Amino acid sequence: RRRHTRYISVTGVQTCALPISMGDILRARADEKGLVFLLDLDPTLPLCAMGDGTRLQQILINLAGNAVKFTEAGSVIVRARRIGSAGDTFTLAVEVIDTGVGISPEQQSRLFTPFVQADSGVARTYGGAGLGLAISQRLCNLMGGLIEIESRPSAGSCFHFEIVLEQIETPDRSEEH
């Protein structure tokens, strides 16, 4: 009998390119709503790393997409930082901060449950099936991370997570002929 193994695809990830490409996707939605959409990228992030770029981008799109969806005025900020390293690995810390509707502690306890919206009126007002955060949490867990939230009603939200990636040596452009 074969044992079923869950895995995340390990491929080259352009760590700086991920938030930028995700930002291109969501900037138009933010512009339509009159929101400020900012990408704040740590200049010390390596250009390339080993990890699952597709899954990481899906998490970023889900978190930032929700931030744009639930923010009527103000801003959405996606911040990516390198917060530590050991050997050839580093920790990527990501925050998605918004000035949206905010989420009560009671609603936060249900937030990562599939098919559950934080508020019963949310599906009617904003749409969605209540799967994005559950999927994002599962993908983040598979990459060794955990999505956490800090929020208060009417005061916006900050979703954040950390994952460890392997840094890839990139050729120095000065060595090219």
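Counting from 1, the numbers follow the sequence of the chain as shown. Because the structure is a prediction, the values reported are computed rather than measured.
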[X] and [Y]: which non-hydrogen atoms are nearest, and at how many Å?
X: L41; Y: R81; result: C-NH1, 3.6 Å
X: I83; Y: A93; result: CG2-CB, 3.8 Å
X: I163; Y: C140; result: CG2-SG, 4.2 Å

Distance (rounded to the nearest 0.5 Å) between [X] [atom1] and [Y] [atom2]:
X: L165; Y: R82; atom1: CG; atom2: CZ; result: 10.0 Å
X: K69; Y: N62; atom1: NZ; atom2: CG; result: 9.5 Å
X: L63; Y: C158; atom1: CG; atom2: SG; result: 10.0 Å
X: I97; Y: S157; atom1: CD1; atom2: OG; result: 10.5 Å
X: F161; Y: N141; atom1: CZ; atom2: CG; result: 11.5 Å
X: S136; Y: L131; atom1: OG; atom2: CG; result: 10.0 Å

Whether [X] side chain and [Y] backbone form a donor-acceptor pair below 3.5 Å:
X: E166; Y: D88; result: no
X: S151; Y: G156; result: yes
X: Q167; Y: F90; result: no
X: E95; Y: H160; result: no
X: T99; Y: A73; result: yes

Would you mind reporting whether [Y] and [X] have side-chain heavy atoms less than 4.5 Å apart?
X: I59; Y: F159; value: no
X: L56; Y: L92; value: yes
X: Q58; Y: I135; value: yes
X: Q137; Y: L111; value: no
X: L133; Y: I147; value: no
X: L146; Y: E162; value: no
X: F70; Y: D98; value: no
X: P46; Y: I168; value: no

Give the cluster check for V96 versus I77: same hydrophobic cluster or not, with ILVMFWY residues linked at side-chain heavy-atom distances below 4.5 Å. no

Between V76 and I61, is there a shared hydrophobic cluster once you connect ILVMFWY residues whose side-chain heavy atoms come closer than 4.5 Å? yes

Could D40 and R79 be called an ion pair, given the rule that one side-chain N must be under 4.0 Å from one carboxylate O?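 Result for this pair is yes, salt bridge flagged.
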
